[in-house]
Number of protein chains: 2
Amino acid sequence: MVEKTGQPGYLQIADDLRTQIRTGSLAPGAALPSTAQLCKRYDVSASVVKAAISVLRTEGLIVGQQGKGVFVREDAAASASEEEPASSEVMEQLAQMRNTLATLGERIAELEKTVFQESKRSR
Amino acid sequence: MVEKTGQPGYLQIADDLRTQIRTGSLAPGAALPSTAQLCKRYDVSASVVKAAISVLRTEGLIVGQQGKGVFVREDAAASASEEEPASSEVMEQLAQMRNTLATLGERIAELEKTVFQESKRSR
DNA sequence: ATAGAATACTTGGAATTCTAAGTTGTCAAG
DNA sequence: CTTGACAACTTAGAATTCCAAGTATTCTAT
């Protein structure tokens, strides 16, 4: 049931379910209880349950499938705190670093060619 | 208005408002149009607008104040894409770059060995 | 046994209504 | 001018209802 803590019911349910997902009680790929079951369990209307589900969906923890159910996303554990696309600035700097590394590789290749040829000659 | 793109109305509105927040059309601290105004603008019921607002609230972009309005959070621009732990893609690229650096280091070591041995001999 | 129809269940979206609580503006009285 | 009452507006939460679309199970006919 939803307690009178000043916290709205839908957020309490969302928090509850999020905790279960994070602790593994609701494993990745597992189905959440149906809306009807959650309504009974928490003694609230469907609109409250749906609002809670919507929060978790927006957080990326769950995904629903019409007619089938709502499931914990496979990457939900990571998604709880990770899994944001890297910002474009980070990606840009990574690209630059990869370019620098490639250039270094080429310069070293040139050195190798030169040095190891000289090694042969000097023998 | 909400278009018939297969995308639910509430998500279209949320996307629309999020874009405005990101592009600065809705500056941090600025008030969003009221629910009534958004209903008129998008020609939808209040429940659709509220659902859109709820999504943006869950994303941390906005905050509502009873009786007053819904406002863009001051840190909304940052919240949109920054301050998140690095994504798995970033971590993967970093790992690859570490490997590349190790390889380059080994090749340089071989070069140094060769070059400095020849230096000794040539004296 | 198999296929199709019917039924039950499910999510998702949307509309309508109501209540609670707060803010803002207007107007009348002092 | 100030203050208080009231109306209008606002967000937030919640309930109820309806519809669309899909899945799973059961039942019936072949």
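Letters A, B, ... mirror the listed sequences (proteins, then strands); counts begin at 1.
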Indicate the atoms forming the closest heavy-atom contact of [X] with [Y], along with that distance.
| X | Y | value |
| --- | --- | --- |
| A:V48 | A:G9 | CG1-C, 3.9 Å |
| B:A14 | B:L56 | O-CD2, 3.6 Å |
| A:Q7 | A:Q12 | O-NE2, 2.7 Å |

Between [N] atom [atom2] and [X] atom [atom1], what is the distance in whole Å?
| X | N | atom1 | atom2 | result |
| --- | --- | --- | --- | --- |
| A:I53 | C:dG12 | CD1 | P | 8 Å |
| B:Q7 | C:dG12 | CD | P | 14 Å |
| A:L32 | C:dG12 | CG | P | 10 Å |
| B:L38 | D:dC9 | CG | P | 16 Å |
| B:Q65 | C:dT24 | CD | C1' | 12 Å |
| B:L11 | C:dT11 | CG | C1' | 14 Å |
| B:F71 | D:dA12 | CZ | P | 10 Å |
| B:R57 | D:dA12 | CZ | C1' | 7 Å |

In a table with atom names and distances, give each donor-acceptor pair under 3.5 Å that connects a side chain of residues 25-38 of chain A to protein atoms at least two apart or in another chain.
unit_1	atom_1	unit_2	atom_2	d
A:S25	OG	A:T23	OG1	3.2
A:S34	OG	A:Q37	N	3.2
A:Q37	OE1	A:S34	N	2.9

Quick test: give all pairs of protein nitrogen or oxygen and nucleotides 18-20 of chain D nitrogen or oxygen below 3.5 Å, distance rounded to 0.1 Å.
none

Pick the closest DNA chain C nucleotide for B:K68 and for B:S45 by heavy atoms, then say which residue is nearer the 5' end.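 So the residue in question is B:S45.
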5' priority, DNA chain C, between A:S47 and A:V63 [closest heavy atom]: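 The residue closer to the strand's 5' end, by nearest nucleotide, is A:V63.
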Hey, are the side chains of [X] and [Y] touching, using non-hydrogen atoms and a 4.5 Å cut-off?
| X | Y | value |
| --- | --- | --- |
| B:V70 | B:R57 | no |
| B:T19 | B:R22 | no |
| A:K50 | A:I53 | no |

Working for side-chain contact (heavy atoms from CB on, under 4.5 Å), residues B:I21 and B:I62: CA-CA 9 Å; B:I21 290 169; B:I62 59 173; 3.9 Å; yes
Identify which nucleotide among C:dA15, D:dA14, C:dG12 has an atom closest to any side-chain atom of A:V48, counting heavy atoms from C-beta outward.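 Selected nucleotide (nearest to the side chain): D:dA14.
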Quick one: side chain to side chain contact (heavy atoms under 4.5 Å, CB included) partners of A:S47, sequence neighbours excluded?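 A:S45.
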Got a sec, which residues hit side chain to side chain contact (heavy atoms under 4.5 Å, CB included) with B:K68, two or more places apart in sequence or on another chain?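 Listed in chain order: B:Q65, B:F71.
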Might you list the N or O atoms of the protein lying below 3.5 Å from N or O atoms in nucleotides 4-8 of chain D, with each pair's distance?
none

Scan B:T35 against the nucleic acid and name what it touches under 4.0 Å (heavy atoms): base, sugar-phosphate only, or nothing.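 Sugar-phosphate, no base atom in range.
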Between the protein and nucleotides 5-9 of chain C, are there any N/O to N/O pairs under 3.5 Å, and if so, what are the atom names and distances?
none

